[in-house]
Visitor: 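Structure below; questions to follow.
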Number of protein chains: 2
Amino acid sequence: MPRPYHHGSLHGALLEAAERILRRDGIGALTLRSVAREAGVSHASPAHHFRDFAELLSALAAVGFTRLRDRMAAEAATVRRGGGARRRGLGRGYVAFARENPNLFLLMFRSDQLDRMHAGLVAAREAAFALLAGENPDTTRLLAATARWSLVHGLSLLAIDGRLQSIASRTALSDEQILDAVLSADAGRRPAPAPAPTW
Amino acid sequence: MPRPYHHGSLHGALLEAAERILRRDGIGALTLRSVAREAGVSHASPAHHFRDFAELLSALAAVGFTRLRDRMAAEAATVRRGGGARRRGLGRGYVAFARENPNLFLLMFRSDQLDRMHAGLVAAREAAFALLAGENPDTTRLLAATARWSLVHGLSLLAIDGRLQSIASRTALSDEQILDAVLSADAGRRPAPAPAPTW
DNA sequence: ACTCCAATCCAGACAGTGTCAGGATGCGGA
DNA sequence: TCCGCATCCTGACACTGTCTGGATTGGAGT
């Protein structure tokens with residue numbers, strides 16, 4: 001029984017195919033035509049569901065950000081006490097997501113090829129950031145969340161590139177221990193007091 | 001007077017041409033053929049100086065890392081007192097380099113398309129990192145340097161993507177003030193004590 | 001129930017990419 | 001002087017993303 005001429009839900013199928021390729025063959029193999037092949041349609045069909053290849057990638061990145069948010073929330077939910085422990089859990093979830101989905105993570109932050117104005121992408125990214133900053137954050141909270149995001153993001157990149165392990169090999173610690181040490185040091189400190197406006 | 005058949009020093013000329021394109025037209029315009037055109041040679045000539053296009057990009061990234069190191073050193077040299085002020089200077093230099101050379105900075109950290117085993121690249125990168133970690137760093141110093149690198153790297157990405165400004169727009173601070181606040185908070189704190197090995 | 005129309009999908013073509021093969025050129029050592 | 005070989009060029013190949021034009025079909029309106 002052959003596949004019907006009209007796929008029915010090609011939009012989602014293309015995203016799933018793209019993620020499958022990303023996970024199986026890496027970023028280098030992720031092309032518009034390979035996605036179409038993986039989904040079993042002609043190479044021009046995606047144009048009816050995504051204006052650009054950049055739009056397809058941006059939609060995939062948006063999926064990644066919602067998953068990142070979920071992963072952080074799940075990890076934070078494992079701790080009972082709030083405050084520093086919860087923040088450390090969020091950070092651990094961030095890095096865990098990056099290590100579990102390295103290719104997707106890299107795709108999410110590759111500035112070129114992505115449409116940075118893509119509506120779903122910016123929404124999903126802000127939602128993820130909001131998890132670190134809390135609701136209606138004031139300046140101090142926003143600063144602290146920014147520093148935390150920067151820290152875990154940089155750590156994730158180091159971990160993905162294997163540079164964390166190369167650092168660990170020079171010490172008596174495993175990369176996991178380094179992660180915990182850095183995250184604990186960050187979660188335990190107080191954010192910097194906001195400088196007074198200059199006007 | 002036409003250009004002689006043999007260029008003489010095409011290796012360096014290609015790197016300069018690539019950086020010119022990167023600065024003028026962005027990462028999307030940086031292709032092997034465009035570099036060859038910019039240098040005024042045929043599209044197959046670069047193959048005699050760079051095995052791959054990835055090798056050319058890696059060599060360019062290596063140049064970027066030495067410049068990054070120089071930029072950090074220059075900024076740190078402007079402060080008289082050592083310790084926290086110097087570390088803050090290094091971080092400021094890091095972010096400054098990223099903002100002054102956004103495309104080159106993004107190229108340096110684009111994991112795909114780059115040959116991560118490229119000898120010159122890893123050497124230049126480690127040299128830059130060594131500036132943050134100091135000479136013969138012990139575990140504690142290495143951890144602190146890792147955290148610092150992560151922080152300033154994440155901050156640089158936020159700054160380049162304009163997300164730092166979008167955060168600043170929600171506060172009463174300029175992005176410069178946010179940068180200084182985060183960097184000061186980081187430079188002032190003590191690194192986490194290294195956990196004891198588990199064996 | 002019938003008709004159409006618009007959404008969906010396909011086949012083909014186009015310029016541009018990185019890489020490889022084969023021939024031209026000329027510099028430097030013998 | 002002469003000749004090897006690094007350097008450079010032209011041409012080709014299999015890809016890529018995007019565009020055009022035609023085939024198919026589900027579903028809304030009559």
Side-chain angles (χ1 to χ4, degrees), chain A residues 1-18 20-22 24-61 103 107 110-118, chain B residues 1-18 20-22 24-61 103 107 110-118:
Chain A
M1 161 174 167
R3 185 183 51 80
Y5 192 88
H6 280 37
H7 184 283
S9 58
L10 189 52
H11 186 96
L14 286 172
L15 287 180
E16 292 174 12
R20 213 155 41 226
I21 293 174
L22 195 57
R24 178 177 5 109
D25 307 320
I27 271 192
L30 186 62
T31 68
L32 180 61
R33 290 170 109 104
S34 74
V35 172
R37 275 193 297 270
E38 177 81 16
V41 293
S42 87
H43 64 270
S45 280
H48 294 272
H49 300 271
F50 301 96
R51 175 169 34 84
D52 267 334
F53 184 45
E55 187 170 305
L56 196 159
L57 293 180
S58 302
L60 184 58
N103 292 330
L107 173 76
R110 266 184 37 179
S111 50
D112 59 332
Q113 291 251 59
L114 248 60
D115 180 10
R116 262 179 283 193
M117 299 307 162
H118 186 274
Chain B
M1 161 172 168
R3 185 183 52 81
Y5 190 87
H6 282 36
H7 184 284
S9 58
L10 188 54
H11 186 96
L14 286 172
L15 287 179
E16 292 173 13
R20 213 155 42 226
I21 292 175
L22 196 57
R24 177 179 4 109
D25 307 319
I27 271 193
L30 186 62
T31 68
L32 180 62
R33 291 171 110 104
S34 75
V35 172
R37 274 193 298 269
E38 177 80 16
V41 293
S42 87
H43 64 268
S45 280
H48 294 272
H49 300 272
F50 301 96
R51 174 170 37 84
D52 268 333
F53 183 45
E55 188 170 305
L56 196 159
L57 293 180
S58 302
L60 185 57
N103 292 329
L107 174 76
R110 263 184 38 178
S111 51
D112 60 331
Q113 291 250 58
L114 247 62
D115 179 10
R116 265 181 280 191
M117 300 307 162
H118 187 272

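In what follows, every heavy atom counts, from backbone to side chain, and hydrogens, waters and symmetry copies are set aside. Below, read A as the first sequence line, B as the second, and so on, with proteins coming before strands; counting in each chain starts at 1.
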Visitor: Could you check how far NE2 of A:H49 sits from P of C:dC9, rounded to whole Å?
Guide: 4 Å
Visitor: Where the side chain of B:H48 is concerned, which of C:dT19, D:dT18, D:dC8 is the nearest nucleotide?
Guide: D:dC8
Visitor: Can you find a donor-acceptor N/O pair under 3.5 angstrom joining the side chain of B:H43 to the base of C:dG16?
Guide: no
Visitor: Counting just side-chain N and O atoms, does A:S45 come under 4.0 Å of either OP1 or OP2 of C:dC10?
Guide: yes
Visitor: Side-chain N or O of A:S42 less than 4.0 angstrom from OP1 or OP2 on C:dC9?
Guide: no
Visitor: May I have the distance from B:L32 (atom CG) to D:dA14 (atom P), rounded to whole angstrom?
Guide: 20 Å
Visitor: In Å, rounded to the nearest 0.5 Å, how long is the span from CG of B:L57 to CD of B:Q113?
Guide: 6.0 Å
Visitor: Return the value, rounded to whole Å, for the distance between atom CG of A:D52 and atom C1' of D:dT16.
Guide: 14 Å
Visitor: Quick one: which of C:dC9, D:dT18, C:dT19 gets closest to the side chain of A:L10?
Guide: C:dC9
Visitor: May I have the distance from B:D25 (atom CG) to C:dG16 (atom C1'), rounded to whole angstrom?
Guide: 16 Å
Visitor: Determine whether a donor-acceptor pair (one donor, one acceptor, N or O, separation below 3.5 Å) exists between the side chain of B:R33 and the base of C:dG18.
Guide: yes
Visitor: Atom CD1 in A:I21, atom CD1 in A:I27: separation rounded to 0.5 Å?
Guide: 12.5 Å
Visitor: Within this structure, what is the NE2-to-C1' distance between B:H11 and D:dA6, rounded to whole angstrom?
Guide: 15 Å
Visitor: Could you tell me the separation between the CG atom of A:L56 and the P atom of D:dT18, rounded to a whole number of Å?
Guide: 10 Å
Visitor: About how many Å separate OG of A:S42 and CZ of A:R37, when rounded to the nearest 0.5 Å?
Guide: 11.5 Å
Visitor: In whole angstroms, how far is the C1' atom of C:dT8 from the CZ atom of A:F50?
Guide: 14 Å
Visitor: Check for a donor-acceptor pair, side chain of B:S34 on one end and backbone N or O of B:L30 on the other, with a separation under 3.5 Å.
Guide: no
Visitor: Ignoring the backbone of B:A44, work out which of D:dC9, C:dC9, D:dC8 is nearest its side chain.
Guide: D:dC9
Visitor: In whole angstrom, what separates B:E55's CD from C:dG18's P?
Guide: 15 Å
Visitor: Please check: side-chain N/O of B:D115 versus main-chain N/O of B:S58, any donor-acceptor pairing under 3.5 Å?
Guide: no
Visitor: Given D:dC19, D:dG11, D:dT16, which nucleotide is nearest the side-chain atoms of A:R37?
Guide: D:dT16
